[in-house]
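Below: one structure, written as C-alpha cells.
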Amino acid sequence: MASNLTAKELEETLDPQDWDALRSLGHRMLDDMFEFLEHVRLRPAWQPVPAEVREHLSQPIPIEPEGAEAAYREFKKDVFPYPIGIHPRFWAWVHGTGSAGGMLAEMLAGAMNSSVHAGEQAAVYVEQEVLSWLKNALGYPAEASGLLVGGGSMANFIGLAVARNVKAGWDVKAEGLAGAHGQLVVYCCSETHSSVQKAVEALGLGSKALRYVEVDSDFRICLEALRNAVLRDRDAGRIPICVVGNAGTVNSGAIDDLSAISGFCRAQDLWFHVDGSFGATAAITPTLRRLLFGIEEADSLAFDLHKWMHMPYDVGCALVRWPEKHRSTFAYQAAYLDGQERGLSAGPIAFSQYGLELSRGFRALKVWFCLKQHGLRKYQTLVEQNVAQARYLGQLVDTDARLELLAPVSLNVVCFRFKNGIQDEARLNAINHEILLRLQESGVAAPSSALINQRFAVRVAISNHRSRREDFDILIREVIRLGEEVLGESQHT
Ligand SMILES: *Cc1c(COP(=O)(O)O)cnc(C)c1O
C-alpha cells in the first residue's frame with residue numbers, strides 16, 4: 001500500500017501545507033496586536049476572567065487539528081481580552097509594561113528558535129554583547145560573568161548558590177550539606193522579597209538559616225542589628241556566609257545602605273548579594289545612581305529586565321563579580337557537550353555552565369533589539385519619569401488631608417491610604433481594603449496592596465512607560481470617591 005505513496009505524502013511535518021494562508025493569518029495577527037497596543041489606554045486597567053471563559057479554558061487536549069484560524073479565533077475570544085500589566089494605570093506588584101518592539105523581537109527569536117546553551121551561533125554572541133551592555137549601564141565591573149534567566153527569583157537563586165559554595169568552607173558541590181561543620185546562615189532585612197527565602201530553602205540551607213534583620217524607620221536594614229546577628233551566630237558555632245542587600249524593596253521601594261553593607265561584608269568575609277530586581281534599574285541613570293551607591297561592589301547582583309526595563313516577559317539577569325566562582329558552582333563535564341576548537345561546538349562560552357538550565361531560549365534578542373531600537377537614553381528618561389511621577393503622587397497624597405502616606409517615597413513606589421481623620425486602625429484597614437478591590441474591579445486603575453507596620457496600604461508601583469501625570473490625578477480622585485462611598489455605606493448600616 002505504502003509503495004503507491006510518494007515520500008511527500010507519507011512523511012508528516014508541522015510546516016503548513018498552505019504557506020500563503022498561514023502568512024495571511026500572521027499578517028492579520030500583527031495588525032490586531034498593533035491595534036491593541038495602540039489603543040490599550042481605552043481598555044479597562046484590569047478585568048477578571050468570566051466563569052464561562054474559565055470553562056472554555058479547561059477542555060481536554062485536542063487530538064484532531066482545529067487549525068490555526070480556529071485557534072486564533074478562540075485566542076481572541078477567550079485569552080486576549082484578559083491580560084494584566086499593559087495598561088497605563090496598571091501599578092500592581094512591580095509589573096513591566098512590555099513594548100511593541102519587544103513583541104516583534106519575540107517573534108524574531110521564535111523564528112530562529114535558538115537554544116543558547118553554547119555553540120558557534122550568533123545568539124551566544126548577542127547574549128554576551130547584551131551582558132556587557134548591562135554591566136556597563138549599571139556601572140558593574142566589566143570582568144563580571146553573567147547570565148540571562150527567567151527573572152529576579154532565578155537570579156537570586158544563582159547569586160545565593162555561588163555564595164553558598166564559595167563561603168561554606170568545604171566542597172559543597174561534592175559533599176552537599178552533609179559536609180557541614182556548622183549551620184550556614186544568610187542575612188537580609190525583614191522587607192526582603194520571598195524569592196530570597198525560596199532560594200535559601202531550595203539550596204538546602206533551611207528557612208531557619210535566614211535571619212530577617214530589623215529595619216529602621218525608612219525600611220532600610222539596621223546595620224547595628226545586622227552586626228549583632230552575625231556575631232551572635234559566630235559565637236554559637238554557626239557559619240555566616242552572605243548578606244542580601246535590597247536595591248528597592250517590594251513593599252516601599254526602600255534601598256539599603258549598600259555601601260555600608262559592602263564594607264561590613266568585606267570586613268567579615270561574607271558574600272554580598274544584592275536583590276535589585278526592579279530597583280537596580282535606577283542605576284542606569286546618572287541622577288539616581290547615587291541612591292544605589294555601593295551596588296557596584298556586590299559579589300553578585302540580581303535584577304530584572306521584564307520589570308522596569310519593559311522587556312517582554314520573561315527575562316532577568318544574574319551578574320557575578322567573580323567568573324571562576326560563578327562557573328565552578330554550575331560547571332559539569334559531559335562528553336556529549338564538550339566544546340571543540342572548530343565546527344558547531346566551538347563558540348566563546350557555554351552559558352549552561354553558569355546556571356541550572358541547559359536548553360535556554362534566546363531571551364537576549366529582545367533585550368538587544370529594544371536597546372538598539374530606543375537607545376539607553378530613552379530608558380534613563382523613562383526611569384526618571386516614573387520616579388518624578390512617584391514624587392508627584394506622593395505630593396498629591398501629602399497635600400490632601402483625607403489621605404496619608406504610609407512610607408517615604410524613596411524611588412517609584414507609593415504606599416498610602418484613605419484616612420479621613422479616622423483613628424480606628426482596624427476600621428481603616430477594612431475601608432482601604434474595600435477601596436482597593438473596588439478600584440481594581442472598576443477597571444479604572446490597578447494598584448496592589450502592602451502591609452506597612454500592620455497598616456493596609458494602597459500600593460502604587462510605577463514601572464510603567466505608559467503612565468502620564470493625569471493618570472495619578474485620576475487615581476487620587478477615584479480613591480477619595482470610593483473612600484467616601486465606602487464610608488457612606490458603613491454609616492447607613
Ligand atoms: C519581582 C521581584 C523579585 C522576583 O523577581 P521575578 O522576576 O518575579 O522572579 C525579587 N525581588 C524583588 C525586590 C522583586 O521586586
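All ligand and atom numbering here is 1-based and tracks the order in the structure. Along the sequence shown, residues are numbered consecutively beginning with 1. In this text, all values refer to a predicted model and were calculated from it rather than measured experimentally.
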Could you walk me through whether Trp93 and Phe278 pass the ring pair (Phe, Tyr, Trp, His ring centres under 6.0 Å) check? CA-CA 11 Å; Trp93 312 305; Phe278 67 92; over 10 Å; no

Of the protein's non-hydrogen atoms, which lies at the shortest distance from [atom], and what is that distance?
atom	value
atom 7 (O) of ligand 1	Asp304 OD2, 2.7 Å
atom 6 (P) of ligand 1	Gly152 N, 3.4 Å
atom 11 (N) of ligand 1	Asp275 OD2, 2.6 Å
atom 9 (O) of ligand 1	Ser153 OG, 2.6 Å

Residues Phe36, Ile86; criterion side chain to side chain contact (heavy atoms under 4.5 Å, CB included); working and verdict: CA-CA 10 Å; Phe36 162 73; Ile86 317 164; 3.5 Å; yes

Using a 4.0 Å heavy-atom cut-off, which part of Ser195 comes near ligand 1: side chain, backbone, both, or neither? side chain

Please state which part of Met154 comes within less than 4.0 Å of ligand 1, counting heavy atoms only: side chain, backbone, both or neither.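 For Met154, there is no contact with ligand 1 at all, from either part.
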
Using a strict 4.0 Å cut-off to heavy atoms of His306, name the atoms of ligand 1 that fall inside it.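 Numbered from 1, ligand 1 contributes 7 (O).
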
Against heavy atoms of Phe278, which atoms of ligand 1 measure under 4.0 Å?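 The list of qualifying atoms is 15 (O).
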
For ligand 1, find out whether one of its N or O atoms is nearer than 3.5 Å to an N or O atom of Asn156.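 Min N/O separation from ligand 1 is not below 3.5 Å for Asn156.
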
Output yes when the distance from some N or O of ligand 1 to some N or O of Lys307 is under 3.5 Å, and no in every other case.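 Between Lys307 and ligand 1, an N or O pair is found under 3.5 Å apart.
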
When the aromatic ring centroids of Tyr354 and Phe330 are compared, is their separation below 6.0 Å? no

Tell me, with the steps shown, if Leu131 and Glu127 meet side chain to side chain contact (heavy atoms under 4.5 Å, CB included). CA-CA 6 Å; Leu131 288 168; Glu127 184 155 341; 4.0 Å; yes

Minimum side-chain heavy-atom gap [X]-[Y] below 4.5 Å:
X	Y	value
Arg466	Asp471	no
Phe456	Leu428	no
Asn453	Phe219	yes

Quick one: does NZ or CZ of Arg469 land under 6.0 Å from the six-membered ring centre of Tyr392, within 45 degrees of the ring axis? yes

State if Gly248 counts as touching ligand 1 under the rule of any non-hydrogen atom under 4.0 Å.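 Judged by the 4.0 Å heavy-atom criterion, Gly248 does count as contacting ligand 1.
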
